[in-house]
Colleague: 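Would you mind keeping the following structure in view while I ask a few things?
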Amino acid sequence: MLTHFIQALATTAAAVQSDQVVGEGPDFFPPQASTIAETTDHIYLFIFWVSLVSFCILIGVTAYFVWKYRARDGHQAEWTSPHNNLLEVTWTVIPTIIVVFIFWFGMKGFLDLRQPPGDALNVQVVAQKWSWKFVYPNGAEDVGLHVPVGRPVRLTMTSVDVLHSLSIPAFRVKQDVVPGRYTTLWFDAKDGLLKDGEDVHVLDLFCTEYCGENHSKMLSQVFVHTDEDFARWAAEAANFIGNMSQYEAGRKQFIVSGCNSCHEVTAETKIGPGLLNVSQAIKDGGTIPLADGSTVPANLEYLRESILNANVKIHAGFTNQMPLFQGQLRNDQLGVLTTYILGQADESYRSLGVWGAAEENGGGEGQPAEGSEGSGE
């Protein structure tokens, strides 16, 4: 035990002085996938061994005194010295040195994590119940976090509803995501994480702040790419609406915008109504029952308004838990999303071509559905 304690102290000091990360870490830890992971593990293990050794000494000495000075027939209590300078200095100085050591390394690590390098890739993060959205400088969006290996990445994060917390265990980073303000963290996926011939390596990403009934499902992944593979992905992701049919692009937008967190595209209800029912009502020219007991015509204007601001006309049987998308969706994003929802009941929407193709070809296939071109402003 003492050997482990001394080893933890030595390796912690060595790791803080080195910018390189080597080794796989303890078997019971996630892989050390970032440049600060090894240092974090060493200081954690040092604190663990300090605590364990101190606990064993305290409990051992207490048990010994309980046994030695137990009440016994024929034994009288002996007078002991009320003061011992050497003992008091020892149990004051040694813990003080240990605590100062922990504070110094902890503060150094904290300051390093607050100061991202100037060449860091900036990624915007939007959290909402119960999904993540990552937005890149070229406009690409995804529910997964894509990063290049060996390059610092800075996340600037906010929440549109309640308190969340982004955690990537393999990178040893965690930061609260707070509504109404921005928080940041940064990391650098270490070189050597990608195996030979591997273009991408996948890691887990969690929300670690209870945020409602589906908190445990607020999961995502980190995709660590080679530089070339990341550049290819970013270019494709930034223009998926222009490269896919409206229906398929709408399917992707449905996931990117987090709609699948609360809605099924079947008739099954989730947090919100099943979208097949809404699509079928629009196709049949029916009505939508509202929470106040009234009804409204099921048409494209209702669908558009409900996407942008669900609080205006709340569907019967539900409360308004949907975040506001007014100003968050561009014209093309709203268009393909509408097409995807309508396509659940009307197969004619599934054959529409790429958004914008109608204008280039003079009309016809690819023309957005009427009423689906909300400005999103």
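Reckoned from all heavy atoms, side chains included, excluding hydrogens, waters and symmetry mates. Model, not experiment: these values are computed from the prediction.
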Colleague: Okay, side chain of Lys190, backbone of Gln32: is any donor-acceptor separation there less than 3.5 Å?
Modeller: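 Yes, Lys190 side chain to Gln32 backbone: donor-acceptor pair under 3.5 Å.
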
Colleague: Find out if a path of hydrophobic residues (ILVMFWY) with successive side-chain heavy-atom gaps under 4.5 Å connects Ile255 to Val135.
Modeller: no

Colleague: Determine, for Asp41 against Arg172, whether the closest basic-nitrogen to carboxylate-oxygen distance falls under 4.0 angstrom.
Modeller: yes

Colleague: Contact between Val160 and Pro179 at the side-chain level, heavy atoms closer than 4.5 Å - yes or no?
Modeller: no

Colleague: Are the side chains of Thr92 and Thr90 in touch, meaning some heavy atoms are under 4.5 Å apart?
Modeller: no

Colleague: Linking I/L/V/M/F/W/Y whenever their side-chain heavy atoms sit closer than 4.5 Å, directly or via other members, would Leu194 and Leu205 fall into one cluster?
Modeller: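 Same hydrophobic cluster.
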
Colleague: Treating Arg70 as the side-chain partner and Trp67 as the backbone partner, does any N or O pair qualify as donor plus acceptor under 3.5 Å?
Modeller: yes

Colleague: Treating Ser257 as the side-chain partner and Cys259 as the backbone partner, does any N or O pair qualify as donor plus acceptor under 3.5 Å?
Modeller: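 No, Ser257 side chain to Cys259 backbone: no donor-acceptor pair under 3.5 Å.
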
Colleague: Checking side-chain contact (heavy atoms from CB on, under 4.5 Å) against Thr35, which of Asp112, Asp191, Asp188 comes through?
Modeller: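 It is Asp188; the other options fail the test.
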
Colleague: With a 6.0 Å cut-off on ring centres, are Phe105 and Phe46 close enough?
Modeller: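 That pair fails the under 6.0 Å test.
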
Colleague: Answer yes or no: is there an ion pair linking Asp142 with Lys133, defined by an N-O contact shorter than 4.0 Å?
Modeller: no

Colleague: Anything under 30° is parallel, anything over 60° is perpendicular, the rest tilted; go ahead and classify Phe134 against Trp132.
Modeller: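 Judged by the thresholds at 30° and 60°, the geometry between Phe134 and Trp132 is parallel.
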
Colleague: Would you find a donor on one side and an acceptor on the other, under 3.5 Å apart, between the side chain of Ser294 and the backbone of Leu290?
Modeller: no

Colleague: So Val123 and Val153, do their side chains get closer than 4.5 Å, heavy atoms only?
Modeller: yes

Colleague: Does Glu209 offer a backbone N or O that forms a donor-acceptor pair with the side chain of Ser165 under 3.5 Å?
Modeller: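 Checked: no pair found.
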
Colleague: Classify the angle between the aromatic ring planes of Phe223 and His146 as parallel (below 30°), tilted (30 to 60°) or perpendicular (above 60°).
Modeller: parallel

Colleague: Does a side-chain N-to-carboxylate-O contact under 4.0 Å join Glu248 and Arg251?
Modeller: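 Looking at Arg251 together with Glu248, the answer is yes, because their closest N to O distance falls below 4.0 Å.
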
Colleague: Side-chain contact test, heavy atoms from C-beta onward, threshold under 4.5 Å: evaluate it for Ile288 versus Tyr302 and give yes or no.
Modeller: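 When only atoms from C-beta onward are counted, Tyr302 and Ile288 do touch, with a gap below 4.5 Å.
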
Colleague: Would you indicate whether the side-chain heavy atoms of Thr287 and Val296 approach each other to under 4.5 Å?
Modeller: no

Colleague: Hey, what's the ring geometry for Tyr136 with Trp233, parallel, tilted or perpendicular (30° and 60° as the breaks)?
Modeller: perpendicular

Colleague: Begin with the C-alpha distance, continue with both residues' side-chain angles, and end with the deciding distance and a verdict on side-chain hydrogen bond (donor to acceptor under 3.5 Å, both in side chains) for Gln344 and Tyr247.
Modeller: CA-CA 10 Å; Gln344 302 311 308; Tyr247 183 80; 3.2 Å; yes

Colleague: Taking Thr158 for the side chain and Arg181 for the main chain, is one N or O donor matched with an acceptor at less than 3.5 Å?
Modeller: yes

Colleague: Does anything in residues 252-285 pair up under ring-ring contact (aromatic ring centres under 6.0 Å, His included), and if so which pairs, sequence neighbours excluded?
Modeller: Phe254-Tyr340

Colleague: Using modelled atom types only, decide if a donor and an acceptor are shared between the side chain of Asn122 and the backbone of Leu155 within a distance under 3.5 Å.
Modeller: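 Judged by distance alone, no pair lies under 3.5 Å.
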
Colleague: May I ask you to test the Leu121-Pro152 pair for a side-chain heavy-atom distance under 4.5 Å?
Modeller: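 Counting from C-beta outward, Leu121 and Pro152 never come under 4.5 Å.
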
Colleague: Just wondering, do Leu163 and Val177 contact through their side chains at under 4.5 Å, heavy atoms?
Modeller: no

Colleague: Evaluate the side-chain proximity of Ser159 to Val178: yes if any heavy-atom separation is below 4.5 Å, no if none is.
Modeller: no

Colleague: With a 4.0 Å cut-off, would you call Glu236 and Arg232 a salt bridge?
Modeller: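 Result for this pair is yes, salt bridge flagged.
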
Colleague: Taking only distance into account, with no hydrogens and no angle test, what donor-acceptor pairs under 3.5 Å do side-chain atoms of residues 273-281 form with protein atoms, sequence neighbours excluded?
Modeller:
residue	atom	partner	partner atom	Å
Ser279	OG	Ile341	O	3.1
Ser279	OG	Leu342	O	2.9
Ser279	OG	Ala345	N	3.1
Gln280	NE2	Asp284	OD1	3.1
Gln280	NE2	Asp284	OD2	3.1

Colleague: More than 12 heavy atoms of other residues, nucleotides or ligands under 6.0 Å from CD of Glu88: is that the case?
Modeller: yes

Colleague: Classify the side-chain pair Asp227/His225 by whether it contains a donor and acceptor separated by less than 3.5 Å.
Modeller: no

